[in-house]
Amino acid sequence: MYKKFVFALLFASVSFGTWAVDLKSEGRDPEYVASIVKRSEKIVDKLGLDDAAKAKDVTNVIANRYFKLNDIYEARDAKIKAAKESLAGNARNEAIQAANNEADSKLYRSHFEFPADLSLFLTPEQIEGVKDGMTYGVLKVTYDSHLDMIPTLKDEEKAQIMAWLVEARELAMDAENSNKKHAAFGKYKGRINNYLTGRGYDLKKEREAWYERIKARGGKI
């Protein structure tokens, strides 16, 4: 009975907007905090939320995720720097690898906390919008480009392309900078190309024909 009461109270708090998400900005550079909040607000603005309090909570959830990612990578970099300065040979390499492994472990353990936190305020479709916002919308652009380039793609091929791009997006969300976010997608784009080639598509011919269609409709490549 007690557990049911606590759950009901928790649900009511969220439902009626009384549970505010604190911005975990303590001890951080104010300019850095401001830039992260602004970045998060741009993502939230695209969701079109009509509840200002909810929009602020979601902004803080996103900003806090960026803070956590930054903390993980800063801790890793500090350990790698110390290893390079104080160790040599195998000991140095092992310490660097250990720092990378520890960071990866922290990323994995915290990865699913983020959508869980968002789910208190957003629908699954809106959470997808947040993920796209954090990864520059590369998933949709890449998926639509493949469908436009190869109009004859079968349903199962479209599904496989989407599955890989969703996986790429999950990795890109946790990447430390824009270059590595794009690199995460690049890896899966290569996998998709290999898959389509194996399915019998001549990607060079498909791409050339696609470029001609784009030019014919007045677009730019």
Side-chain angles (χ1 to χ4, degrees), residues 10-78 100 102-144 162 164-189:
L10 180 65
F11 180 79
S13 297
V14 175
S15 299
F16 291 99
T18 58
W19 184 358
V21 177
D22 293 328
L23 185 68
K24 298 177 182 179
S25 58
E26 185 177 355
R28 303 183 190 277
D29 177 67
E31 290 187 5
Y32 167 69
V33 171
S35 69
I36 292 299
V37 169
K38 185 176 181 180
R39 184 191 305 177
S40 303
E41 286 174 342
K42 287 182 178 179
I43 295 172
V44 174
D45 287 345
K46 292 183 179 180
L47 300 178
L49 302 178
D50 55 7
D51 185 325
K54 179 187 288 188
K56 183 177 180 181
D57 284 332
V58 175
T59 297
N60 287 353
V61 170
I62 297 171
N64 288 342
R65 179 58 183 165
Y66 280 125
F67 294 152
K68 177 168 283 190
L69 292 174
N70 184 71
D71 291 345
I72 290 172
Y73 286 118
E74 280 195 344
R76 179 205 63 184
D77 291 345
N100 283 314
E102 182 181 11
D104 289 342
S105 177
K106 289 179 180 178
L107 290 171
Y108 180 79
R109 291 200 307 271
S110 66
H111 180 82
F112 301 100
E113 294 175 359
F114 179 56
D117 290 341
L118 291 174
S119 70
L120 297 174
F121 307 98
L122 302 178
T123 66
E125 291 76 15
Q126 289 170 329
I127 293 174
E128 291 290 299
V130 171
K131 292 181 177 183
D132 286 331
M134 294 180 72
T135 53
Y136 317 119
V138 175
L139 182 152
K140 178 173 173 51
V141 170
T142 305
Y143 181 73
D144 289 348
M162 176 58 77
W164 275 331
L165 290 175
V166 168
E167 188 174 333
R169 186 180 62 184
E170 293 299 308
L171 295 174
M173 282 170 55
D174 288 348
E176 58 193 292
N177 55 50
S178 60
N179 287 338
K180 292 195 175 182
K181 289 180 187 293
H182 284 290
F185 280 102
K187 175 182 177 181
Y188 281 83
K189 288 177 185 178

*Closest non-hydrogen atom pair between Leu171 and Ala184, with its separation*: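 Shortest heavy-atom contact: CB-CB, 4.3 Å.
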*asked:* If you compare all heavy atoms of Ala172 against all heavy atoms of Thr135, which two are closest, and at what distance to 0.1 Å?
replied: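 Heavy atoms of Ala172 and Thr135 come nearest at CB-CG2, 3.7 Å.
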*Keeping to residues at least two apart or across chains, list the ring-ring contact (aromatic ring centres under 6.0 Å, His included) pairs with something in residues 43-63.*
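Those involving residues 43-63 do not exist here.
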_Within residues 21-60 or reaching into it, pairs that qualify as ring-ring contact (aromatic ring centres under 6.0 Å, His included) - sequence neighbours excluded_ =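 Pairs touching residues 21-60 that pass the test: Tyr32-Phe67.
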Using the side chain to side chain donor-acceptor pair (under 3.5 Å) criterion, which residues pair with [X]? Sequence neighbours excluded.
{"X": "Tyr66", "value": "none"}
{"X": "Ser105", "value": "Arg109"}
{"X": "Lys131", "value": "Glu170"}
{"X": "Asp77", "value": "none"}

The criterion is salt bridge (charged side-chain N to carboxylate O under 4.0 Å, His left out); which residues satisfy it with [X], sequence neighbours excluded?
{"X": "Arg169", "result": "Glu128, Asp132"}
{"X": "Lys180", "result": "Glu176"}
{"X": "Lys106", "result": "Glu102"}

Does a side-chain heavy-atom distance below 4.5 Å link [X] with [Y]?
{"X": "Asn179", "Y": "Asn177", "answer": "yes"}
{"X": "Phe114", "Y": "Val130", "answer": "yes"}
{"X": "Trp164", "Y": "Lys189", "answer": "no"}
{"X": "Leu139", "Y": "Phe185", "answer": "yes"}
{"X": "Met173", "Y": "Arg65", "answer": "no"}
{"X": "Val166", "Y": "Tyr143", "answer": "no"}
{"X": "Phe121", "Y": "Val21", "answer": "yes"}

Using residues 36-48 as the side-chain source, report each donor-acceptor pair under 3.5 Å to any protein atom, sequence neighbours left out, with the distance given to one decimal.
from, atom 1, to, atom 2, distance (Å)
Ser40, OG, Ile36, O, 2.9
Ser40, OG, Ala63, N, 3.3

*asked:* Give me each pair satisfying salt bridge (charged side-chain N to carboxylate O under 4.0 Å, His left out) with a member in residues 19-34, each pair once, sequence neighbours excluded.
replied: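 Every pair satisfying salt bridge (charged side-chain N to carboxylate O under 4.0 Å, His left out) with a residue in residues 19-34: Arg28-Asp71.
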*How far apart are the C-alpha atoms of Val141 and Tyr136, what are their side-chain angles, what is the distance that settles it, and do they pass the side chain to side chain contact (heavy atoms under 4.5 Å, CB included) test?*
CA-CA 9 Å; Val141 170; Tyr136 317 119; over 6 Å; no
_All ring-ring contact (aromatic ring centres under 6.0 Å, His included) counterparts of His111, not counting sequence neighbours_ =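 None.
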*Atom pair CD1 (Ile127) and CG (Leu122), whose distance is rounded to the nearest 0.5 Å*: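 Nearest 0.5 Å value for the CD1-CG distance: 5.5 Å.
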